[in-house]
Amino acid sequence: MQYSSQDKSLNRATMTGFTLIELLVVIAIIAILAAILFPVFARARENARRSSCQSNLKQIGLGLLQYTQDYDEKTPYAWYGGWVGTARWMDMTQPYMKSAQIFDCPSNSGVTPYQPYTTANQAYGSYIMNAAYNEGGQGLPDGAPDSPTAAALSAIAAPTTTVWVADGNGRSFM
């Protein structure tokens, strides 16, 4: 049986599908686009986590202000009941914030999540309080009363430049 040139062109026109080379080119183009876009997506995801941390700090600040308003303009102690303490500033202000997750920054994966009312040293979450205005700190006079509150807001010399809460790992600033 003999094929004419017209039969070959007709046969090729009726074939459907891609050749191996065409598939490899398409896969290579997709891989290049993915390599370009993945860092962009990772950066966008980290920016979303960072904005969540900023929102947490704002909510913590509002909760601290509500606490101080309820306790006659007195700030909470960083801890109460000893160095490790039975209550920490997070425990005292958490009812004003309605969520324990607010003390954990999504970007900070190396910190043990906050656990309410625990004496575990590592369960402080992602934020740390400036304890300068606690009893014995340089912001309060010696002999301050031993109570769950420390300084009055009016005792803070420069409130606009004083850091109250910042990113930290429970022991130090980050």
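Here the structure is a predicted model, which is why all the values come from computation and not from measurement.
With values rounded to the nearest 0.5 angstrom, Y67 atom OH is found 8.5 Å from T93 atom OG1. To the nearest 0.5 Å, atom OH of residue Y96 and atom CD of residue Q69 are 9.0 Å apart. To the nearest 0.5 angstrom, D167 atom CG is 10.5 Å from I128 atom CD1. Atoms OG1 and CG, from T75 and L64 in turn, are 9.0 Å apart once rounded to the nearest 0.5 Å.
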Can you give each donor-acceptor pair under 3.5 Å made by side-chain atoms of residues 52-62, sequence neighbours left out, with the distance rounded to 0.1 Å?
from, atom 1, to, atom 2, distance (Å)
N56, ND2, I102, O, 3.4
N56, ND2, D104, O, 3.3
N56, ND2, Y127, OH, 3.4

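For Q101, the CD atom is loosely surrounded, since the number of other residues' heavy atoms within 6.0 Å does not exceed 12.
Residues R49 and S107 approach most closely at CB-OG, 3.1 Å, considering heavy atoms. Closest of all the heavy-atom pairs between P76 and W164 is CD-CZ2, 4.1 Å. Across all non-hydrogen atoms, the minimal contact from Q94 to F103 is CG-CE1, 3.8 Å. The minimum heavy-atom distance between I36 and P39, with the atom names listed, is O-CD, 3.6 Å.
No side-chain heavy atom of N130 sits less than 4.5 Å from a side-chain heavy atom of V165. A heavy-atom distance below 4.5 Å is not found between the side chains of E22 and V26.
Cluster membership for V25 and L33, using ILVMFWY side-chain heavy atoms within less than 4.5 angstrom, is shared.
Using a cut-off of 4.0 Å between Lys/Arg side-chain N and Asp/Glu carboxylate O, E46 and R43 are scored as not salt-bridged.
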